[in-house]
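What follows is a single structure, written as structure tokens, with notes after it.
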Amino acid sequence: MKAIGITATDTEFGKTVVSACLAAGFKQMGLDTGVFKPAASGCVRRADGKLVSEDAELLMKGAAMPFEQHDKVVPYVLEAALAPAEASKLAGISLDSNVMEQAARKMIEGHEVTIVEGVGGISAPLTDDYLVKDFFKALHLPVIIVVKPLLGNVNHAVLSAYYAQHEGLNVLGFIVNGWDETHAGVLERSNLYYYEKLTGLPVLGKLPVLDKELLSGDDLTQAGKIAAANIDLERIYKLVEAHGNE
């Protein structure tokens, strides 16, 4: 019963894609894999009126979980595309940290390994007084930070790692999303160098840009194979094991 928290240096950096691919990769390793997200904003309303998180749907496809598990994967769904603290106010919903934590623990206890995706960055507010880092800390989760090889992201990566560590979280390293080996130049390769040099943390993988059709189908087996080829899943699993023995 192991779990990994996934955060990023910014929103829209591919946390969900990376998380779903990690789940699919661990699934292919023969591990019973769960997924979880404490709250989701920008959700879509189905014809029957039910709000559905597209992020949760992608996560569940990665773990090969049925849609019926949706509400167990994400306990709070919000329509406005804002931080949950604000989206919940617009919806007239009070988010309870205990509900999020208990639902996460139930998911973690039911699987060999669980990918727990945060919301936005590490300091994004789930409520006015409860940030993503507080959620990860309450669950004693080691964290991986998703980055992109972009100008300025070294600064964001260093600050995110330092803040998480300062708050008592064990940061395992970085996963680069959107890596293009063929066209990677000085900017992209120097980012990898400075991510490691300035934080002392490893780059655990470089996930290439994935075809949208690959992610839109019901089966993420191929995405899992790509993750396994580009992310050191065994190393991550061993780091999580070591974290559990601390």
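Predicted model only: the values in this text are computed from it and were never measured.
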### Query
If you round to the nearest 0.5 Å, how far is CG of Asp211 from OG of Ser216?
8.0 Å

### Task
Sort and list the pairs that fulfil ring pair (Phe, Tyr, Trp, His ring centres under 6.0 Å) and have at least one residue in residues 36-69, not counting sequence neighbours.
Phe67-His70

Listing, residues 95-104 side-chain donor-acceptor contacts under 3.5 Å, not counting sequence neighbours, or none:
unit_1	atom_1	unit_2	atom_2	d
Asp96	OD1	Asn98	N	2.8
Glu101	OE2	Tyr130	OH	2.7

### Query
Would a distance-only check, ignoring hydrogens and angles, find a side-chain to backbone donor-acceptor pair under 3.5 Å from Thr33 to Leu31?
yes

### Rounded distance [0.5 Å steps], CG in Leu78 versus CG in Leu51
8.0 Å

### CG-CD1 distance between Leu22 and Ile4, expressed to the nearest 0.5 angstrom
6.5 Å

### Side chains of Val158 and Tyr194 in contact at under 4.5 Å (non-hydrogen atoms)
no

### Task
Report yes if the side chains of Val52 and Cys43 come closer than 4.5 Å at any heavy-atom pair, otherwise no.
no

### Query
So does Met29 have more than 12 non-hydrogen atoms from other groups sitting under 6.0 Å from CE?
yes

### Summary
On a heavy-atom basis, the closest approach of Ile236 and Ile231 is CD1-CG2, 3.6 Å

### Within-4.5 Å side-chain heavy-atom neighbours: Lys206 and Glu188
no

## Note on the structure
The side-chain contact (heavy atoms from CB on, under 4.5 Å) partner of Ile122 among Leu159, Leu169, Ile145 is Leu169

### Query
Under the salt bridge (Lys or Arg N to Asp or Glu O under 4.0 Å) rule, what pairs show up with a residue in residues 61-77, not counting sequence neighbours?
Lys50-Asp71

### Query
Quick one: does Pro142's side chain get under 4.5 Å of Leu239's, heavy atoms only?
no

#### Entry: Validation row: Asn230, Pro208 side chains within 4.5 angstrom (heavy atoms)
yes

### Any side-chain heavy-atom pair of Glu54 and Leu58 under 4.5 Å
no

### Query
Which side-chain hydrogen bond (donor to acceptor under 3.5 Å, both in side chains) pairs, counting each pair once, include a residue from residues 151-161, with sequence neighbours left out?
Thr9-Asn153, Asn153-Tyr195

### Task
Determine yes or no for a side-chain-to-main-chain donor-acceptor pair under 3.5 angstrom, with Ser19 supplying the side chain and Thr16 the backbone.
no

### Task
Compare every heavy atom of Pro149 with every heavy atom of Gly178, then report the nearest pair and how far apart it is.
O-CG, 4.3 Å

### Task
Could you tell me which non-hydrogen atom of Gly120 sits nearest to which non-hydrogen atom of Thr7, and how far apart they are?
O-OG1, 3.9 Å

### Considering all heavy atoms, the nearest Cys21-Leu210 contact
SG-CD1, 3.5 Å

### Other residues, nucleotides, ligands: >12 heavy atoms within 6.0 Å of Glu181 CD
yes

### Message
Let me confirm one number: the NZ-CG distance from Lys238 to Leu233, rounded to the nearest 0.5 Å.
### Response
12.0 Å

### Message
Is there a path of hydrophobic side-chain contacts, each under 4.5 Å between heavy atoms of I/L/V/M/F/W/Y residues, joining Leu150 to Val147?
### Response
no

### Task
To the nearest 0.5 Å, tell me how far Lys15 NZ sits from Ile115 CD1.
14.0 Å

### Query
Can you name the residues that form a side chain to side chain donor-acceptor pair (under 3.5 Å) with Asp218, not counting sequence neighbours?
none

### Query
Step by step, would you call Thr199 with Val171 a side-chain contact (heavy atoms from CB on, under 4.5 Å)?
CA-CA 10 Å; Thr199 65; Val171 182; over 6 Å; no

### Message
If hydrophobic clusters are built by linking Ile, Leu, Val, Met, Phe, Trp and Tyr wherever their side-chain heavy atoms come under 4.5 Å apart, do Val44 and Val77 end up in the same one?
### Response
no

### Query
Is it true that Val18 and Phe13 fall in one hydrophobic cluster, defined by side-chain heavy atoms closer than 4.5 Å?
no

### Task
Could you name each residue pair satisfying salt bridge (Lys or Arg N to Asp or Glu O under 4.0 Å) that touches residues 125-142, not counting sequence neighbours?
Lys89-Asp128, Lys133-Glu167

### Message
If hydrophobic clusters are built from ILVMFWY residues whose side chains come within less than 4.5 Å, do Val240 and Ile175 share one?
### Response
yes

### Atom pair CG (Leu220) and CG (Leu215), whose distance is rounded to the nearest 0.5 Å
6.5 Å

### Message
Restricting to non-hydrogen atoms, name the atom on Ala64 and the atom on Lys27 that form the minimum distance, rounded to 0.1 Å.
### Response
CB-CE, 4.0 Å

#### Entry: hydrophobic_cluster_shared for Phe174 and Leu192, side chain cutoff 4.5 Å
yes

#### Entry: Residues forming a side chain to side chain donor-acceptor pair (under 3.5 Å) with Arg45, sequence neighbours excluded
Glu79

### side chain to side chain donor-acceptor pair (under 3.5 Å) partners for Asn177, two or more places apart
none

### Query
Do the side-chain N and O atoms of Asp55 and Ser53 include a donor-acceptor pair separated by under 3.5 angstrom?
no

### Query
Which atom names give the shortest non-hydrogen contact between Leu201 and Ala161, and what distance separates them?
CD1-CB, 3.9 Å

#### Entry: Within residues 108-124 or reaching into it, pairs that qualify as salt bridge (Lys or Arg N to Asp or Glu O under 4.0 Å) - sequence neighbours excluded
Lys37-Glu117

### Task
Can you sort out the partners of His111 under ring-ring contact (aromatic ring centres under 6.0 Å, His included), two or more places apart, ordered by chain and number?
none

### Query
Heavy atoms, side chains only, cut-off 4.5 Å: are Val176 and Asn191 in contact?
no

### Task
Tell me, please, which residues at least two apart from Ser123 pass side chain to side chain donor-acceptor pair (under 3.5 Å).
none

#### Entry: Heavy-atom side-chain proximity of Leu126 to Pro84 below 4.5 angstrom
yes

### Evaluation steps, side-chain contact (heavy atoms from CB on, under 4.5 Å), between Met1 and Val113
CA-CA 6 Å; Met1 296 181 289; Val113 62; over 6 Å; no

#### Entry: Residues that Tyr193 engages under ring-ring contact (aromatic ring centres under 6.0 Å, His included), provided they are two or more places apart
none

